[in-house]
There are 2 protein chains.
Amino acid sequence: MTSPKPGRVLYATAARRAILELLKREQRYLTAGSIYLLLKDANPKLALSTVYRTLELLESLGTVSGRSEASGESSYVHCSDEHHHHALCTVCGHVDDVDCAAMEQFKATLLAKQSFLLDEHSVEFYGRCADCR
Amino acid sequence: MTSPKPGRVLYATAARRAILELLKREQRYLTAGSIYLLLKDANPKLALSTVYRTLELLESLGTVSGRSEASGESSYVHCSDEHHHHALCTVCGHVDDVDCAAMEQFKATLLAKQSFLLDEHSVEFYGRCADCR
DNA sequence: CTGTATGCAAATCATTTGCAGCTTA
DNA sequence: TAAGCTGCAAATGATTTGCATACAG
């Protein structure tokens, strides 16, 4: 939603690289706190606030997608920046992107049955991925 | 998810009645804070913590469904306790329940294309309801 | 009566922010 | 050298909790 301040030049810093690489590698939802803990050893001077700021930046760039855990924390996955949804494995936490072509017929049904004109939708799928089945 | 302690007897108190009636009447997502403000005048001794505790209770009973706003706050709507989704009007905020029969074919597609076995899904729809179209 | 619920105030906890010093381009 | 970052510590703000009192059944 929020884009970085227009005209601002972004720097590829060590912290940003480390956080993005971790997210690309893990392919599962991670909270700011867990990212901080996972990177702390290799990057002793990393600050939690930097993790928060980087996540906010990556989300604004569409590189990462956030959601709220039941615990009240926010977590993030690295993902494509096109409109899509996530298939989240309830066994290993692995997250895959899913396109939403099939949603079109659902939209038609909604309009016919409830006169609701569907503009947007946010979906999260929970199940078992190819590896965990 | 969390159920009230088993064997515990629930009282129908004034605060609980007021909160539930408000939610039933409004049919839109309300935060604890806004519920508190809306009820404050008619119920001068109502405490914000009571609103939080009541919302937690109602959610555990399946009477109410919560979600996280972008602002970081949680909000709640009164809704059916069966498995369903919400169609949220982006104009007036009105929330209707939607069943998920159409999701079945989407599940089949997911399995065929990505070998992902869909167990659960959470969906939120945004659009314009019959009144706002 | 007795178990529950409530109000109030204090405590938590995730997230945000101000600012001076450090980096990247 | 700048414009951008970062670490640190302090500030926020939503939600939770302890406890003594009030209330429902």
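Separating the CG atom of Leu39(A) from the C1' atom of dG7(D) is a distance of 15 Å, rounded to the nearest angstrom. When the P atom of dT16(D) is taken as reference, atom CD of Glu73(A) falls 13 Å away, rounded to whole Å. Computed from coordinates, the Tyr36(B) OH to dG13(D) C1' distance equals 16 Å when rounded to whole Å.
In terms of hydrophobic clustering, with Ile, Leu, Val, Met, Phe, Trp and Tyr side chains grouped at heavy-atom distances under 4.5 Å, Ile19(A) and Leu48(A) are assigned to a common cluster.
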Could you go through residues 27-37 of chain B and list every donor-acceptor pair under 3.5 Å that involves a side-chain atom there, pairing it with any protein atom two or more places apart or in another chain?
{"from": "Gln27(B)", "atom 1": "NE2", "to": "Lys24(B)", "atom 2": "O", "distance (Å)": "3.1"}
{"from": "Arg28(B)", "atom 1": "NE", "to": "Glu26(B)", "atom 2": "OE1", "distance (Å)": "2.8"}
{"from": "Arg28(B)", "atom 1": "NH2", "to": "Glu26(B)", "atom 2": "OE1", "distance (Å)": "3.2"}
{"from": "Tyr29(B)", "atom 1": "OH", "to": "His86(B)", "atom 2": "ND1", "distance (Å)": "2.9"}
{"from": "Tyr29(B)", "atom 1": "OH", "to": "Glu124(B)", "atom 2": "OE1", "distance (Å)": "3.4"}
{"from": "Thr31(B)", "atom 1": "OG1", "to": "Ser34(B)", "atom 2": "N", "distance (Å)": "3.0"}
{"from": "Thr31(B)", "atom 1": "OG1", "to": "Ser34(B)", "atom 2": "OG", "distance (Å)": "3.1"}
{"from": "Ser34(B)", "atom 1": "OG", "to": "Thr31(B)", "atom 2": "N", "distance (Å)": "3.0"}
{"from": "Ser34(B)", "atom 1": "OG", "to": "Thr31(B)", "atom 2": "O", "distance (Å)": "2.9"}
{"from": "Tyr36(B)", "atom 1": "OH", "to": "Lys40(B)", "atom 2": "NZ", "distance (Å)": "2.6"}

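Applying the side chain to side chain contact (heavy atoms under 4.5 Å, CB included) rule to Thr13(A) yields the partners Tyr11(A), Ala15(A), Arg16(A); only residues at least two apart in sequence or on another chain are considered. Residues passing the side chain to side chain contact (heavy atoms under 4.5 Å, CB included) test with Ala47(A) are Ser49(A), Thr50(A), sequence neighbours excluded. Taking the side-chain hydrogen bond (donor to acceptor under 3.5 Å, both in side chains) definition, one finds that Asn43(A) meets it with nothing, sequence neighbours left out. Remark: Glu73(B) pairs with Ser71(B) by the side-chain hydrogen bond (donor to acceptor under 3.5 Å, both in side chains) rule, at least two apart or across chains. Take Ser68(A) and apply the side-chain hydrogen bond (donor to acceptor under 3.5 Å, both in side chains) test, not counting sequence neighbours, and it matches Ser68(B).
What you find for Tyr76(A) and Gly66(A) is that their closest heavy atoms are CD2-CA, 3.5 Å.
Helix-axis bend for the helix from dC1(C)-dG25(D) to dA25(C)-dT1(D): the local axis fitted to the five terminal pairs at one end deviates from that at the other end by 40°, rounded to 10°.
For residues 47-55 of chain B, proximity to DNA chain D is found at Ser49(B), Tyr52(B), Arg53(B), defined as any non-hydrogen atom under 4.0 angstrom from a strand atom. Listed by residue number, the members of residues 62-72 of chain A with any heavy atom below 4.0 angstrom from DNA chain D form an empty set. Contacts between residues 11-33 of chain A and DNA chain D, counted as heavy-atom distances below 4.0 Å, involve Tyr11(A), Thr13(A), Ala15(A), Arg16(A).
Residues Leu118(A) and Leu111(A) fail the side-chain proximity criterion, which asks for heavy atoms closer than 4.5 Å. When side chains are defined from C-beta on, Leu55(A) counts as touching Leu23(A), because their heavy atoms get closer than 4.5 Å. Inter-residue side-chain proximity for Cys92(B) and Cys129(B) is flagged as met; some heavy-atom pair is nearer than 4.5 Å. Under the 4.5 Å side-chain criterion, counting only non-hydrogen atoms from C-beta, Asp81(A) is not in contact with Thr63(A).
For Lys45(B), no side-chain nitrogen or oxygen approaches OP1 or OP2 of dT21(D) to under 4.0 Å.
For residues 82-98 of chain A, the set of pairs meeting the salt bridge (charged side-chain N to carboxylate O under 4.0 Å, His left out) definition, not counting sequence neighbours, is empty.
To the nearest 0.5 Å, atom CZ of residue Arg67(B) and atom OG of residue Ser74(B) are 10.5 Å apart. Rounded to the nearest 0.5 Å, atoms CG (Leu61(A)) and CG (Leu57(A)) are 4.5 Å apart.
The outermost nucleotides of DNA chain C lying under 4.0 Å from heavy atoms of chain A, listed 5' to 3', are dA14(C) to dA25(C).
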